[in-house]
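Please read all numbers here as calculations on a predicted model, not as lab measurements. Start at 1 with the first residue, then count along the sequence.
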Amino acid sequence: MRKIYSLLLLCLMGTVVAWAEDTYESVYTHALADWTSDDITAWSGSNAVEVSTTYGLGANANLTATYVSKSFIIGEKYKVKYEVDWTFATATGRTGNYNWIQFGSFLRLGINSSYNMQLSTDAGATWNATTLGYYSNGTYTKHIEVIFNTKKGVVEKLSFDGTDYTSLASGKFSTATFNTVSTGFIRGGSVSWTLANYITNIAVSQAAPSEEDTEVAYTVNFKYNNTIISRIDDTAEAGDTIKVDSPVTIDDVKYYAIDGDTLSMTLSEDETKNVLNVNLRLADTQTVNINAVDADGNLLEIFSGTRVEGDAASNLYYTRVVLSGDEYYTVPAANGNGDNYVISMAYGSEDAEVVYTLNENIEYYAEESGLNISGSFRGQQQVANRASGGDWNNLTAGSYLYTDALLGGEYTIDVSGRNHGGSTATLDVQVLDENGYLIKTAGTMSWEKAVNAVQTVTKIMVPEGGAIAIAETAGYTSNIDIDYLIAYRTGDLAEDITVNSTGVSSYVTTFALDFSGVEGLTAMIATDETEDEIVMTKVTEVPAGTPIIVRGTPGETYTVPGGDCTELPDGLENRLSGSTTETFDVASVDNPVYALKNTDGDFHRVASTVTIPTGIAYLVSEYTNGALGAKKLTVFGEDDDAPTAVSSVVTNVEAQPVMFFNAAGQQVGEDSKGLVIGNDGKKMIK
C-alpha cells in the first residue's frame, strides 16, 4: 500500500454497541503501604530504582535516563484499564530534561524542568506535542486513568488530575503495544531534581470482549484515471460508518475527490459490500510571479513559484540585485518586515511587481556568483524557492567571506543574513589590503535571534586592490548564514583625522595619504632624538601604516584624501612606531617608551604597566636612562633651514612628575583622591 499522508481523515461514525458490558477483572494492584525492596526486582529497570515509604516505587534522578518498568499479561483484544497515582519530580535545569510516565508503547505524560505537563501519543515524537498545564515548584501526586481498547487500537479514556484529555490521544495505533507501565527521567543526572519519580498506587484491570461483538473487514480504494493508486484494508465493527475526507496526499502528490463522488459507507456484516471507491483528480497548480521592472516599467527579470490548490500561502523570494545586460539594478530598500526580500503568495494570488533602480557603482556577490571564502565553511540547507540562489554560507571559527579586489574608495555594504541561533550573533566587517592582510576592522553587524535581515555598514574605506571581508572572530561557529553581499562605491578614498584639544594629535594612517591639499593640518614624523628632545620633520605624503603626529585647529576634523605614496622621502627614517591592528605592551621592551599626552600635547614617558592601543604613535627611545617627564619637541619643515618650536617643556623630574598611580598600580589623574604614587617614587595622600 502506498503512503497516504495526514490530509486524509478516515473516520468511524455512528453509535456502535460493540461491548455488551465493561466488567473489569483485576490484573495487578499495589498500594503505597505495600511497596518493599522485593518490588525493585519485580519491576526491573536501571540500578537507580528505589522504594520510599512516603511515595512508593520510583526512579532516582541522580543518574541520566533512569527508569522503572513492568509489563502485564493482557488478554488478546481486551480492554485494559490503568489507574495510577503518580508523584512526579520537580527541578531546576535545562529545558528538555523530563521526568515521565508511559502507558503502553506510545502514550506518555511528562513534566519538564519548567513544570509544564506535556502529552505525547508517540514515544518517538518531539516532546512538545501538547501542553496540558503548568504546576509551580512543589511535590505533586496526580491521579491518572487510562483505558485502551486493544481490539480497536485506540485510547478510550485519558484522565489526568480529574480532567479528560481523551480527544488529545485520539487516533488508531495499529502497531502499538498496550501492556506496559514505565516511569523515569530523560537526562535526569544533568538537572537538580528535588524528588525522585514515583508510582505511589497502581491498579491494572481488563475487560473481556462481548460475544455479540461483530468485526468485519473493509477496503477503501483510491482511484486516479480508473486505476487504483492506493488502498486501505482494515477492520471495524459492523454498523460503523467509514468516511474519507478530501483532499488526500499520496506519494507526495495532492489529490481531491471528484465532485459528487461518494465519500462514506456504513459497514455491513456482508464483507463483500464493504468496499468504498474514491475517484480522485490532481490538485490544480498555478504559477505565480514576482516581476522585476525598472522605473520605466521595463521587465528586467521574473521570479516564479508554483502554488498548489488549497495550500496555505508561502514565501516567494526575489533578489536584492538584478543584472540586466551589463547594468546592475537594485531594490531601493529592504522590505519593512526585514525578511530578505520576500512576498507571501498563495494559490490564486495575482502576480506582484517590484521596481528596481539603476545603480552604476556596485559590486555584487552571492553564493551563485562568486562569494570568496577563506577558512572552512559549510553550506546550509537550500531555502525552497529562493530566487537569490541556493546555499547560504555559514561561517565557522576563524573563517570569512570577502569581495574581489576593489577600486580604491569609500564603500557602503548591504549583507543579507539570517540568524538560526537562539541568541544575538555578531560578525566583524574588515578591510583587507591587496595581499589579503587585515588593515582594520571597519565595524560590526549583528542579527537578533531567529531573524532574517539585511544589515548595512557605511563609510568603509578600501585601498586600491583591497577587499571587504565579513569575518567570524569569536572563535566558534557562528549562527549567522550569509546569502549575499553588495558593495556600493560611494566616494574616493580618504581618512578623517580629528585633532584633540591641545592642537597636537598622535595617529597611525590606515592608507597612503596626501596632506598637500589639506589646509590647516600639518603631518610630522620623528626623524631624530636626543636625551631631552624629539626632532620632528614635516611631510606631505605618507605610505599606509605610518605613525605620525598631526598639528591643527583643536577639535577640528580634517578629511585627508588617499595618495599613492609607498615610502617616505629619500633619506627620511621615521622613529615613531604604531599599528592600526595591534596593541603594544610597554613592558615588552627594556628601553623607555614615550607617547603623546592628550592633556598637554607633549611626549611623556609611558609606565611599563601600560598597553598602548591601536592607532597611537609612540617612540621607543635609544636612551636607556631617558627622562621620566616630557621630551621637548622641535619640528623642521621639509625645506626649512631652521627648526620651529612645537613645545618648550623643560624636563624636571623632581619638581614636575607627570605620571601618577593609585595603590593598585592603576594610572590616575594628578588630582585623584587617596594614596597617589608618582613615577618618581614620591607618595602623596590627597
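Smallest separation of non-hydrogen atoms from V508 and S579: CG2-N, 4.0 Å. In terms of heavy atoms, L276 sits closest to S264 at CD1-O, 3.9 Å. When every heavy atom of S246 is checked against every heavy atom of A257, the shortest pair comes out as OG-N, 2.9 Å. Closest non-hydrogen pair, S105 versus A176, comes out as OG-CA, 3.4 Å. Taking every heavy atom of both residues into account, I290 and L316 meet most closely at CD1-O, 3.5 Å. Of all non-hydrogen atoms in Y347 and V308, the two that sit nearest each other are CB-O, 3.6 Å.
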Could you please spell out the steps behind the side-chain contact (heavy atoms from CB on, under 4.5 Å) verdict for F222 and I228?
CA-CA 6 Å; F222 296 94; I228 297 175; 6.0 Å; no
Output, in order, the C-alpha distance, side-chain angles, deciding distance and verdict of side-chain contact (heavy atoms from CB on, under 4.5 Å) for D261 and Y256.
CA-CA 10 Å; D261 208 13; Y256 279 87; over 6 Å; no
For D234 and R231, run salt bridge (charged side-chain N to carboxylate O under 4.0 Å, His left out): C-alpha distance rounded to whole Å, both residues' side-chain angles, the deciding distance at 0.1 Å, then the answer.
CA-CA 10 Å; D234 208 341; R231 64 186 292 165; over 6 Å; no
Going through the distances and angles, do T227 and N225 end up as a side chain to side chain donor-acceptor pair (under 3.5 Å)?
CA-CA 5 Å; T227 299; N225 286 340; over 6 Å; no
Start with the C-alpha gap between T557 and I497, add the side-chain angles, then the distance that decides, and say whether side-chain contact (heavy atoms from CB on, under 4.5 Å) holds.
CA-CA 5 Å; T557 297; I497 299 177; over 6 Å; no
For T262 and V278, run side-chain contact (heavy atoms from CB on, under 4.5 Å): C-alpha distance rounded to whole Å, both residues' side-chain angles, the deciding distance at 0.1 Å, then the answer.
CA-CA 7 Å; T262 300; V278 180; over 6 Å; no
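A side-chain donor from one of D496 and T559 sits under 3.5 Å from a side-chain acceptor of the other. A donor-acceptor contact closer than 3.5 angstrom is absent between the side chains of N279 and Y224. Using a 3.5 Å distance cut-off with no hydrogens or angles, the side chains of S304 and N289 do pair a donor with an acceptor. Looking only at atom types and distance, the side chain of T163 has no donor-acceptor partner in the side chain of D161 under 3.5 Å away. T444 and D428 are not linked by any side-chain donor-acceptor pair at a separation below 3.5 angstrom, with hydrogens and angles left out of the test. Between the side chains of Y329 and E301, no donor-acceptor pair of N or O atoms lies under 3.5 Å.
Between the side chain of Q102 and the main chain of G104, a donor-acceptor pair closer than 3.5 Å is present. At distances below 3.5 Å, at least one donor-acceptor pair connects side-chain atoms of Q286 with backbone N or O atoms of S349. Side-chain atoms of E410 do not come within 3.5 Å of backbone N or O of G491 as any donor-acceptor pair. Side-chain N or O atoms of N419 include one that pairs as donor or acceptor with a backbone N or O of E448 at under 3.5 Å. Between the side chain of S159 and the main chain of I144, no donor-acceptor pair closer than 3.5 Å is present. Using modelled atom types, one side-chain atom of E464 and one backbone atom of G408 make a donor-acceptor pair closer than 3.5 Å. Of the possible polar contacts, none joining the R307 side chain to the A312 backbone as a donor-acceptor pair under 3.5 Å is found.
Residues K157 and V146 form no side-chain contact, since every pair of their non-hydrogen atoms from C-beta on lies 4.5 Å or further apart. Counting heavy atoms from C-beta on, the side chains of L513 and E495 come closer than 4.5 Å. Side-chain contact between V154 and E156 is present, with heavy atoms from C-beta onward closer than 4.5 Å. No side-chain heavy atom of L432 sits under 4.5 Å from any side-chain heavy atom of I439. You'll find the side chain of D164 stays beyond 4.5 Å of the side chain of L158, heavy atoms only. Put simply, the side chain of I229 reaches to within 4.5 Å of the side chain of L280, judged on heavy atoms. At least one side-chain heavy atom of V275 sits less than 4.5 Å from a side-chain heavy atom of N221. For the pair I460/V462, a side-chain contact is recorded, criterion being any heavy-atom separation below 4.5 Å from C-beta on.
Interatomic distance, D240 CG to N274 CG, rounded to the nearest 0.5 Å: 10.5 Å. Here F88 contributes atom CZ and W100 contributes atom CH2; the two are 16.0 Å apart, rounded to the nearest 0.5 Å. Atoms OG1 and CD1, from T412 and I486 in turn, are 11.5 Å apart once rounded to the nearest 0.5 Å. Between atom CD of residue Q455 and atom CG of residue L485 there is a gap of 12.5 Å, rounded to the nearest 0.5 Å. The OG atom of S120 lies 11.5 Å from the CG atom of L168; values are rounded to the nearest 0.5 Å. Atom CD1 of residue I258 and atom NZ of residue K223 lie 10.0 Å apart, to the nearest 0.5 angstrom.
Aromatic ring orientation, Y318 versus F303: tilted (interplanar angle from 30° to 60°).
Other residues, nucleotides and ligands place more than 12 heavy atoms under 6.0 Å from the CD atom of E434.
When each of D433, V431, T580 is paired with T510, the side chain to side chain contact (heavy atoms under 4.5 Å, CB included) condition holds for T580 and for no other. Checked against Y488 for a side chain to side chain donor-acceptor pair (under 3.5 Å), the options T458, T330, D414, T456 give a single hit: D414.
Salt bridge D259/R281: absent, no basic N to carboxylate O contact under 4.0 Å.
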